[in-house]
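Computed from heavy atoms alone, side chains included, the values below leave out hydrogens, waters and symmetry copies. Keep in mind the model is a prediction, meaning the values are calculated, not measured.
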Protein chains: 2
Amino acid sequence: MDEAAIKAMIHRLPSEQVLNRICQTFGALQCTTRLQILLLLQLGPLCVTDIENILGQSQSAISHSLRTLRQLDLVRTKREGRFTVYHLADEHVSVLVEMCQKHAKEMES
Amino acid sequence: MDEAAIKAMIHRLPSEQVLNRICQTFGALQCTTRLQILLLLQLGPLCVTDIENILGQSQSAISHSLRTLRQLDLVRTKREGRFTVYHLADEHVSVLVEMCQKHAKEMES
DNA sequence: TGAACATATGAACAATAGTTCATATAAGTA
DNA sequence: TACTTATATGAACTATTGTTCATATGTTCA
């Protein structure tokens, strides 16, 4: 492969910015807790305490996980009285999570 | 949400085994080098030296990245003379990478 | 066989990410 | 207003991951 071909390949790759953003998103899904949270939220919105109870993890651990997801705009919140209800951020996220869901189901058998 | 509802939710989640496998895969994509490698290989098979040149990274770094991808069976190899040619492992991987590609393109604008 | 090229690997170190503990904030309720 | 419940956050610690350096392995070619 000559130098011209190499340069051509470089230009076919996404910009650093876009690359980082995508990798950060994957990074968030690399942790089972966070992936589970997204899978749960795909079934419907949940408040923090529910997530804690379902996943059997400490308040702090869940809250930190949620923060990570929030900061990446994978989930969003809505105050409802004294509860903070979490939901998936948008269709893009929903599609991604659904893909995981399907893949998981396939692997399960 | 009562205890029964919580138990019901737990059962809708994938098994730990499947969960781990999926998260490991995402973990591999969390690193820009490895994501770039997959994006490159989606365009066609490449030998290690080409990947090094395109990404401008050290032999060792690329080789370690490739090992990670290989161990997760995201890429496979084929010896061709003194070169080791890498390619995406299967259709599943290809679909996933293509999704990234499309998403990247969308974000680029 | 020896030299050059292509690739892999282990170990050490550096950087990142996850977890826990203590504490803070905020809303509802008595 | 004080108390309880719900959630968030910072700091310290631990674990995981990535990178580099040195070296090993395997292939071709003279």
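- Residue B/Thr49 is classed as a sugar-phosphate contact, given heavy-atom separations below 4.0 Å to backbone atoms only.
- Note on B/Ser60: a base of the nucleic acid sits closer than 4.0 angstrom, heavy atoms only.
- When each of C/dG18, C/dT7, D/dA8 is scored by its nearest atom to the side-chain atoms of B/Thr84, the top-ranked nucleotide is C/dT7.
- Taking atom CD of residue B/Gln24 and atom P of nucleotide D/dT16, one finds them 12 Å apart after rounding to whole Å.
- Under the 3.5 Å distance criterion, the side-chain polar atoms of B/Thr84 are left unmatched by any main-chain donor or acceptor of B/Glu80.
- Computed from coordinates, the B/Lys78 NZ to D/dT27 P distance equals 16 Å when rounded to whole Å.
- If you measure from atom CD1 of B/Ile62 to atom P of C/dC5, you get 20 Å, rounded to the nearest angstrom.
- A/His64 has its NE2 atom 11 Å from the C1' atom of C/dT23, to the nearest Å.
- Counting heavy-atom neighbours within 6.0 Å of A/Glu3 CD, excluding the residue itself, gives a total of 12 or less.
- Heavy atoms of other residues, nucleotides or ligands lying less than 6.0 angstrom from CZ of A/Arg70 number more than 12.
- A/Leu69 places its CG atom 16 Å from the P atom of D/dT7, with the value rounded to the nearest Å.
- Along DNA chain C, the nucleotide closest to B/Val48 and the one closest to A/Thr33 are compared, and the more 5′ of them pairs with B/Val48.
- The distance from atom CD of B/Gln59 to atom P of C/dT7 is 8 Å, rounded to the nearest whole Å.
- Looking only at atom types and distance, the side chain of A/Gln57 has a donor-acceptor partner in the side chain of A/Thr33 under 3.5 Å away.
- OP1 or OP2 of D/dA8 has at least one side-chain nitrogen or oxygen of A/Tyr86 nearer than 4.0 Å.
- Within the structure, every side-chain polar atom (N or O) of B/Arg79 is placed at least 4.0 Å from both OP1 and OP2 of C/dT7.
- Where B/Ser63 and A/Ala28 each meet DNA chain C at their nearest nucleotide, the meeting point lying more 5' is that of B/Ser63.
- Following rounding to the nearest Å, A/Gln71 (CD) and C/dA17 (C1') show an atom-to-atom distance of 13 Å.
- Residue contacts shown for A/Gly27 are absent, as no nucleic acid heavy atom lies under 4.0 Å away.
- Looking at B/His92 and A/Glu106, their side chains do bring a donor and an acceptor atom within 3.5 Å of each other.
- The phosphate of D/dT7 has neither OP1 nor OP2 within less than 4.0 Å of any side-chain N or O from A/Arg67.
- Between the C1' atom of D/dT7 and the CG atom of A/Asn53 lies a distance of 14 Å, rounded to the nearest Å.
- Contact between the side-chain N/O atoms of A/Arg82 and the OP1/OP2 oxygens of D/dT4 is not found at any separation under 4.0 Å.
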